[in-house]
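Quick note: residue numbers are just sequence positions, from 1. Here the structure is a predicted model, which means the values were calculated and not measured.
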Amino acid sequence: MRHLRAVSPSGVAAVGDRQVRPSGRLGGRRVVVTGGARGIGEAIVRSFASEGARVAVLDRRFEEAAVLAKQIGGVAYDVDLANVRETAEAMARAIDWLGGIDVLVNTAGVLRYGSLLELRPEEWDEVFAVNTRAMLVTTQIAAREMIAFRTPSGDCAGKVINVAGTCGTSAGGGQAHYAAAKAAVVALTRAAAHELGPHGITVNCLCPGVVRSEAGAPRSVPDVAAWSALSPLGRVAEPSDVARTALFLASSESDFLTGDAIDVAGGMALH
């Protein structure tokens, strides 16, 4: 296994060393975000930090994650989420640094293309390893910590937020493994909501549609105008659109919402 790398702000190393503002919708909450180095994940990290959360970023794009972590006063860990042992170790280190965990956001995922008739089992497994299995591992670890350190109440519910595709089912040709993995995320979210609800933990899923990437073009879609025309709002999503919905799910405003898959697609799911 690779040696896990981590970076945190200078002078911030002790467990429980509070570096968050007490104000904000997430003031004082301890958050782990997987796949938080860029795109939707980065927007979520920045949004949460601006609202007072303390954030740990898990991503194999370590250089980008490290820069982001320094900017928001958090910590970054270099981790291959397809590796179960590495993922578990990174989660443990992140939770130790945070002094516990209140919110888990699973945004990490890989997008692969391949003809259904030519799709090899190992290609299928690669997509499921990151897009679905990693969510199981991180959710198990986070939920155990949440259960151990709190009793259920209206003002301290733990939060798990998973990111899938539109409704977890929408996909074009050549995306059988990706579509199946994202549909599994929605199913996992609902099953987890049933089991973790009695412990005061809510589990919900975000289903973004076409999102403008950090490079300025929609993710995997070259024709911005064509996709914008599918939305009643006349545009594709920005990462910040998804981040604002994630912020709602991470805050106390969503304490009575669980097991839901929320489309953040500007009405594209109507087609």
Side-chain angles (χ1 to χ4, degrees), residues 25-26 29-35 40-41 44 48 53 58 81-82 84 87-88 91-92 94-95 98 100-109 124-125 127-171 177-209 242-265 269:
R25 293 165 70 185
L26 301 183
R29 298 204 181 186
R30 301 156 297 181
V31 182
V32 173
V33 180
T34 71
I40 291 172
I44 289 173
F48 283 24
L58 275 58
L81 292 161
V84 173
T87 300
M91 280 291 295
I95 292 170
L98 291 167
I101 182 170
D102 302 294
V103 182
L104 168 67
V105 186
N106 287 306
T107 71
W124 177 279
D125 291 344
V127 171
F128 267 78
V130 177
N131 291 15
T132 307
R133 189 181 68 193
M135 287 189 182
L136 170 65
V137 175
T138 57
T139 298
Q140 287 175 326
I141 294 170
R144 290 187 187 113
E145 291 291 327
M146 293 172 181
I147 291 169
F149 290 103
R150 68 165 54 83
T151 56
S153 71
D155 62 353
C156 66
K159 309 281 187 175
V160 177
I161 303 165
N162 298 324
V163 177
T166 306
C167 300
T169 57
S170 180
H177 43 351
Y178 178 78
K182 289 303 186 179
V185 169
V186 176
L188 175 61
T189 296
R190 290 171 176 163
H194 275 291
E195 293 197 36
L196 299 180
H199 299 286
I201 300 170
T202 65
V203 189
N204 290 289
C205 185
L206 288 177
C207 302
V242 184
R244 282 192 291 270
T245 309
L247 178 60
F248 163 71
L249 290 177
S251 74
S252 59
E253 297 163 15
S254 67
D255 281 358
F256 199 62
L257 188 69
T258 195
D260 284 303
I262 302 173
D263 280 317
V264 188

inquiry  = Please check this pair: side chain of Asn162 against backbone of Cys205, looking for a donor-acceptor N/O pair closer than 3.5 Å.
reply    = no

key: From CD1 (Ile95) to CD (Glu145), nearest 0.5 Å   = 4.5 Å

side-chain contact (heavy atoms from CB on, under 4.5 Å) evaluation trace for Arg29 with Ser252 = CA-CA 11 Å; Arg29 298 204 181 186; Ser252 59; 3.7 Å; yes

note = d(Asp255 CG, Lys159 NZ) to nearest 0.5 Å is 3.5 Å

note = Rounded to the nearest 0.5 Å, the CE atom of Met91 sits from the CD1 atom of Ile101 at a distance of 4.5 Å

note = Note: Ala180 and Phe128 closest approach over all heavy atoms is C-CZ, 3.6 Å

inquiry  = With rounding to the nearest 0.5 angstrom, report the NE2 to CG distance, His177 to Asn131.
reply    = 9.5 Å

ask   = How many angstroms lie between atom CG of Leu58 and atom OG1 of Thr87, to the nearest 0.5 angstrom?
value = 7.5 Å

message = Please give me the minimum heavy-atom distance between Leu26 and Ala250, naming the atom from each residue.
response = CD2-O, 3.5 Å

inquiry  = Taking the side chain as everything from C-beta on, heavy atoms only, tell me whether Val242 gets closer than 4.5 Å to Thr107.
reply    = no

ask   = Between Leu249, Ile201, Thr258, Val105, which is the residue that forms a side-chain contact (heavy atoms from CB on, under 4.5 Å) with Val160?
value = Ile201

key: Distance-minimising heavy-atom pair for Asn106 and Thr139   = ND2-OG1, 3.6 Å

request  = Applying side-chain contact (heavy atoms from CB on, under 4.5 Å), run through Ile161 and Asn204 and close with a yes or a no.
outcome  = CA-CA 5 Å; Ile161 303 165; Asn204 290 289; 5.6 Å; no

ask   = Should Thr138 and Thr34 be marked as a side-chain contact (heavy atoms from CB on, under 4.5 Å) after you check the CA-CA gap, both sets of side-chain angles, and the distance that decides it?
value = CA-CA 9 Å; Thr138 57; Thr34 71; 4.2 Å; yes

key: Nearest atoms (heavy-atom pairs only) where Asp102 meets Met146   = O-CE, 3.4 Å

ask   = Would the number of heavy atoms belonging to other residues, nucleotides or ligands and lying under 6.0 Å from CD of Glu253 be above 12?
value = yes

ask   = Can you check side-chain contact (heavy atoms from CB on, under 4.5 Å) on Val137 and Ile141, steps first, answer last?
value = CA-CA 6 Å; Val137 175; Ile141 294 170; 4.0 Å; yes

key: From Arg25 atom CZ to Leu247 atom CG, the distance as rounded to the nearest 0.5 Å   = 4.0 Å

key: For the student: nearest non-hydrogen atoms of Ala129 and Ala82, plus distance   = CB-CB, 4.2 Å

query = Between Leu81 and Ala134, which heavy-atom pair has the shortest distance, and what is it?
reply = O-CB, 3.5 Å

